2 protein chains.
Amino acid sequence: MKGTKSYHHKDLRQALLQHAVRLIQDEGMKGFSMRKLAALAGVSHTAPYRHFASKEELVATLMLDGHIRLRAALLATASTTSGRARDKLLAMGRAYLDFAREQPEYISLMFSGEGMAAAMSVASRHSEFFAEDSDSFGPLEETVRACQAEGSLDPSSEPGALSFAVWSQVHGLALLRNEGMIRLMAAERGHTEDDTLNAVFAVFSHWYGPAGAVGGEV
Amino acid sequence: MKGTKSYHHKDLRQALLQHAVRLIQDEGMKGFSMRKLAALAGVSHTAPYRHFASKEELVATLMLDGHIRLRAALLATASTTSGRARDKLLAMGRAYLDFAREQPEYISLMFSGEGMAAAMSVASRHSEFFAEDSDSFGPLEETVRACQAEGSLDPSSEPGALSFAVWSQVHGLALLRNEGMIRLMAAERGHTEDDTLNAVFAVFSHWYGPAGAVGGEV
DNA sequence: CCGACAATGTTGACGCTGTCAACAATCTTT
DNA sequence: AAAGATTGTTGACAGCGTCAACATTGTCGG
């Protein structure tokens with residue numbers, strides 16, 4: 001509790017994770033290193049290894065954290081949005097895109113091949129991985145089921161497959177946007193990125209069922 | 001032409017690119033290094049720098065190559081598939097998935113944030129980047145327009161946005177599959193990955209219009 | 001209160017990486 | 001054949017992830 005810098009940092013683990021997020025956001029995955037991270041936290045270059053067995057494990061932990069945040073964002077949107085399940089679903093799609101835009105490094109970390117590999121190798125040792133609170137897919141599936149129940153999505157489709165289809169398009173759109181593809185194509189055609197996104201979303205909305213107008217802005 | 005190993009390799013550039021593909025497929029992006037690549041090609045560790053200014057530039061070249069290959073695969077599918085444009089579009093979706101499965105490293109390279117950044121920095125110096133023959137999006141958009149013309153896709157949607165929507169869902173599905181998400185979820189529900197993919201594709205097909213049965217296998 | 005033991009942090013080393021500078025061999029052109 | 005441009009080699013540098021050995025601090029049984 002003193003102001004003196006003690007030999008023991010006593011909550012280095014958490015501090016490292018927080019600094020890691022900022023470091024990755026600032027310098028990208030390329031410029032992210034354990035040694036810079038240690039320096040940022042004001043400890044020696046091997047101190048992090050008392051809390052994470054490897055860089056891979058630290059990244060996997062960050063990825064888990066990302067899923068928890070994404071799930072939370074989706075749930076918050078779902079509970080905030082009033083009206084039909086269909087509107088909820090569209091709002092959740094927007095929330096997914098927002099999350100991807102605001103935390104691009106989180107997303108690319110959560111869904112990169114390396115990220116998954118890291119998570120798997122860690123999950124085999126720490127069972128809290130892939131627990132319920134990090135299931136970012138669940139909320140989506142629930143809403144899809146609700147859409148089927150209210151008739152705004154084809155009730156004869158298998159809910160899992162339908163949810164995957166919805167997830168795929170939103171995920172794909174988010175990644176293509178993050179990679180700059182949307183901006184590139186939009187520029188070629190003299191549109192803004194937001195206009196293009198809204199237009200694509202209108203197509204999704206049209207596919208989701210025969211219902212009313214398209215909601216919201218990007 | 002002699003059997004002797006000459007000082008000058010005379011087509012090192014091409015040899016490096018080919019070895020790079022194999023190296024990446026074997027060891028993943030993580031284990032891919034310029035020095036290993038040089039060793040594979042039987043040259044010293046700095047020889048590649050006579051042909052590529054940096055690792056980034058080599059990767060960007062590979063990425064361009066991937067787009068050329070993907071475009072070729074899509075065009076081949078389009079010209080092979082007979083029948084309605086709608087069937088072509090679905091076949092091209094399958095082709096995209098196949099390409100992603102058979103060359104996962106190519107795909108993650110082509111669409112990873114680092115890949116794009118690398119490409120951009122190279123494109124600003126070498127203008128052949130993003131030329132017509134590497135436009136893997138064009139063939140898709142053409143087919144989408146054909147679908148609109150024949151009435152199997154909503155003619156009132158803006159073709160660009162519609163194409164993006166289609167691309168997004170196929171791209172997202174391909175990436176989620178490559179990252180193991182589909183396998184994971186399928187296993188949880190006691191399905192096979194292929195069954196799940198087919199089911200998702202059926203949903204896409206259903207969205208694409210009111211037409212007949214779903215084609216093909218995965 | 002003290003001594004043992006576990007937890008946490010530090011120093012120094014290892015091999016690997018991307019890249020640069022200086023030098024050497026070869027090809028091309030005159 | 002001489003000159004200059006290409007292409008390949010050697011050696012060095014800083015930065016990386018990680019391990020081993022050691023130092024400091026917190027915790028707990030006596």
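Please read all numbers here as calculations on a predicted model, not as lab measurements. Letters go in sequence order (proteins before strands), and every chain restarts at 1.
As a whole-Å value, the separation of Met29(B) CE from dT17(C) C1' is 14 Å. Look at CG on Leu37(B): it is 17 Å from P on dC16(C), rounded to the nearest Å. Regarding Arg13(A), its CZ atom lies at a distance of 12 Å from the P atom of dG9(C), rounded to whole Å. Here dG17(D) presents its P atom at 13 Å from CD of Glu56(A), a figure rounded to the nearest Å. In this structure, Tyr49(A) atom OH and dT11(C) atom P are separated by 17 Å, rounded to whole Å. One atom, NZ of Lys55(A), and another, C1' of dT18(D), lie 12 Å apart when rounded to the nearest Å. Between the C1' atom of dG9(C) and the CG atom of Asp11(A) lies a distance of 15 Å, rounded to the nearest Å. Note: CZ (Arg50(A)) to C1' (dT18(D)) measures 12 Å, nearest angstrom.
Counting any heavy atom pair closer than 4.0 Å across all strands shown, His45(B) reaches a base atom.
Comparing Ala47(A) and Ser33(B) by the nucleotide of DNA chain C that holds the closest heavy atom to each, the one mapping nearer the 5' end is Ala47(A). Comparing Lys36(A) and Val43(B) by the nucleotide of DNA chain D whose heavy atom lies nearest to each, the residue mapping closer to the 5' end is Val43(B).
Phe111(A) places none of its side-chain heavy atoms less than 4.5 Å from the side chain of Leu175(B). Side chains of Phe204(B) and Gln169(B) form a contact here, defined as non-hydrogen atoms less than 4.5 Å apart.
The shortest non-hydrogen separation linking Leu89(B) to Thr143(B) is N-CG2, 3.8 Å.
In this structure, a donor-acceptor pair under 3.5 Å is present between the side chains of Tyr96(A) and Trp167(A).
Distance from the side chain of Ser44(B) is smallest to dT9(D) among dA21(D), dT9(D), dG17(D).
Contact annotation: His51(B) side-chain N/O to dT6(D) OP1/OP2 distance is not under 4.0 Å.
Residue Leu16(A) holds its CG atom at 10.5 Å from CG of Leu23(A), rounded to the nearest 0.5 Å.
Contact annotation: side chain of Thr46(B) to base of dT10(D), donor-acceptor pair present below 3.5 Å. At a cut-off of 3.5 angstrom, the base of dT19(C) holds at least one donor-acceptor pair with the side chain of Arg35(B).
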